[in-house]
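This report refers to the structure that appears directly beneath it.
Atom set for the values below is all heavy atoms of this structure, side chains included, hydrogens, waters and symmetry mates excluded. Whatever order the structure lists ligands and atoms in, that order sets their numbers, starting from 1. Note that the numbering runs from 1 along the sequence shown for the chain. From a predicted model like this one, the values you see are computed outputs, not experimental measurements.
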Amino acid sequence: MDYDVEAIRSHFPILERILPNGKQLVYFDNAATTQKPLVVIDAMSDFYKNYHANAHRANHTLADESTAALEGARDKISLFFGASESSMIYTGGATEAMNLIAYGWARYNLEEGDVVVTTEMEHHANIVPWQELSKDIGIELRFVPFDNEARKLDYGALEVAAKGASLVCAGHVSNVLGVRNDVERIIKIAHSNGARVALDSAQGAPHEKINFDGLGADFCAIAGHKMAGPTGIGCLLVKADALAEMGPFLTGGSIITSVTTEGTQFLDGYSMFETGTPRMAEAIGWRAAVEWLEENINFHDAHEHIHNIASWMSNEMEKIPGITIFGAPGRDDGVGVVSFLHESILAQDMGYLLDAGGFAIRTGTHCAQPLLEAMGVASTNRASIWIYNTMEEAEAFIVHLRDIVNRFA
Ligand code: PLP
């Protein structure tokens, strides 16, 4: 069956938006956060209207309903990610999930001189926690270089860096370039060196159906808001044996069996990591998003649709004088991102000029400064495509971009 993008778009009210300048919104900032289908907004609104109460605490009807919804969402979402033999810990997003690996696992299992490997391609969420942990406990942090020529991770350097490492942490898909790393190969390299492996799948999960148990990674960080879910929710998927090695990170109520003035006993499993009032509305919204994706999106067809748009856009942009494309949108490992720069129009100015035509893109360093340094640029413009974008939007974008270059270059 053909990919029915209009049917998909009809679920997203915001895509109808007319901006204050009278322009129709074209939303190409999906790698920052995706829009939400109406079912997600309705599910959250229904919770607040009809059964909102604090989960895992009281014995009244609303509290029971809220608890059941929170835990039901966990079951549904972890099944969606193929994590039936693993645990899912709710977090505020992918950043918190990466910090949970650093402070809930590495802090308890690594000591001075132990090696953590990350890469130059990472979002800061997979760099800064390791630098901070290095200050705390003296781990050695190794960076695998980005091969700017080949526009992909230097796997030969990874083979070397992984020797003697305790943990290898890598991004699934680059948020700047849209290049999908060969995560299967990364997992193999890490495990053959006896290291645990953590994936930052913030940009992978919106584009492919993750099968966490099948992949074999030890940890996987996911952001709900980048895959049609609400903001303020994400998760860390953890293999059972890695979970058994973890200790508390953020502490307080809800994660304990007893607290005395002498000390605290903690709950086991994922319950040890979700302190304070749970993210109930957000979990309910994320469940609705996951169910919506299951009912409406075939990930294979969606990927093809997104890939066609992104590679066509990058081909057309390459014909515009002064524009450089980064990453490899047309390659098989290209996942819906066109990162570009014009030689004489600053990225930030380009952002404003595109916005004047209704086009929402991201400009700047994309929280990935080491990658930009490896690429030799201070910033880029990033158009990121998702399931509801159309070829007509891409065509309009190219017309507007040509016009900007003609007028301002
Ligand atoms: N990792 C990657 C690759 C990302 O692209 C992002 C967000 O842009 C994050 C981590 C942080 O995710 P969150 O906003 O859910 O904390």
Side-chain angles (χ1 to χ4, degrees), residues 27-36 40 77 81 88-104 118-132 143-144 146 152-153 168-181 183 186 197-208 210 217 219-237 249-250 279 282-283 285-286 289-290 326-327 333-339 360-372 374-375 379-386:
Y27 189 76
F28 281 165
D29 196 14
N30 295 290
T33 192
T34 63
Q35 300 301 345
K36 324 302 174 196
V40 170
I77 297 164
F81 291 128
M88 184 190 122
I89 304 167
Y90 284 126
T91 64
T95 303
E96 193 183 312
M98 293 310 299
N99 274 271
L100 182 52
I101 306 170
Y103 293 97
T118 185
T119 90
E120 281 182 351
M121 288 176 76
E122 302 309 310
H123 186 281
H124 296 162
N126 193 17
I127 295 176
V128 184
W130 305 116
Q131 290 174 332
E132 290 302 298
F143 282 90
V144 178
F146 171 66
K152 59 182 180 182
L153 191 67
V168 173
C169 306
H172 192 147
V173 170
S174 160
N175 64 312
V176 179
L177 302 174
V179 170
R180 183 194 190 272
N181 282 329
V183 290
I186 293 170
V197 58
L199 297 180
D200 173 357
S201 293
Q203 300 290 346
H207 289 275
E208 66 185 83
I210 288 184
F219 305 97
C220 183
I222 295 174
H225 70 96
K226 292 186 196 286
M227 47 182 300
T231 52
I233 189 90
C235 73
L236 181 66
L237 303 173
F249 164 35
L250 296 172
R279 299 172 166 93
E282 292 78 9
W286 196 12
V290 154
F326 303 94
D333 58 351
V335 183
V337 170
V338 187
S339 223
I361 62 150
R362 168 90 189 263
T363 60
T365 61
H366 316 289
C367 297
Q369 291 180 9
L371 175 56
L372 267 73
M375 287 158 47
S379 55
T380 76
N381 303 289
R382 179 186 70 187
S384 49
I385 316 302
W386 206 43

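Contact of the H225 side chain with the K36 side chain is registered, since non-hydrogen atoms from C-beta on lie closer than 4.5 Å. A heavy-atom distance below 4.5 Å is not found between the side chains of F146 and T119.
When non-hydrogen atoms are compared, ligand 1 lies under 4.0 Å from the side chain of H225 (C-beta onward) but not from its backbone. Contacts of K226 with ligand 1, taken as heavy-atom pairs under 4.0 Å, involve the side chain alone.
Heavy-atom minimum distance, N99 versus P129: ND2-CG, 3.7 Å.
Interface atoms of ligand 1 facing N175, defined by a heavy-atom separation under 4.0 Å, are 5 (O). Residue A223 has at least one heavy-atom neighbour below 4.0 Å for each of these atoms of ligand 1: 15 (O). Listed by number with element, the atoms of ligand 1 under 4.0 Å from a non-hydrogen atom of G93 are 15 (O).
When only non-hydrogen protein atoms are considered, atom 12 (O) of ligand 1 lies nearest to A94 CB, 3.4 Å. Closest protein heavy atom to atom 5 (O) of ligand 1: Q203 NE2, 2.7 Å. Of the protein's non-hydrogen atoms, T95 OG1, 2.5 Å is the one closest to atom 16 (O) of ligand 1. Closest to atom 4 (C) of ligand 1 among all protein heavy atoms lies H123 CD2, 3.2 Å.
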>> Run F326 and V337 through side chain to side chain contact (heavy atoms under 4.5 Å, CB included) and show every step you take.
In response: CA-CA 10 Å; F326 303 94; V337 170; over 6 Å; no
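Selection from D200, N126, N99, L199 by nearest heavy atom to atom 10 (C) of ligand 1 gives D200.
Donor-acceptor pairing under 3.5 Å is lacking for the side chains of Q203 and H123.
Using cut-offs of 30° and 60° for the angle between ring planes, the W286 and F81 rings count as tilted.
Within the model, atoms CG of N30 and CZ of R362 stand 13.0 Å from one another, a figure rounded to the nearest 0.5 Å.
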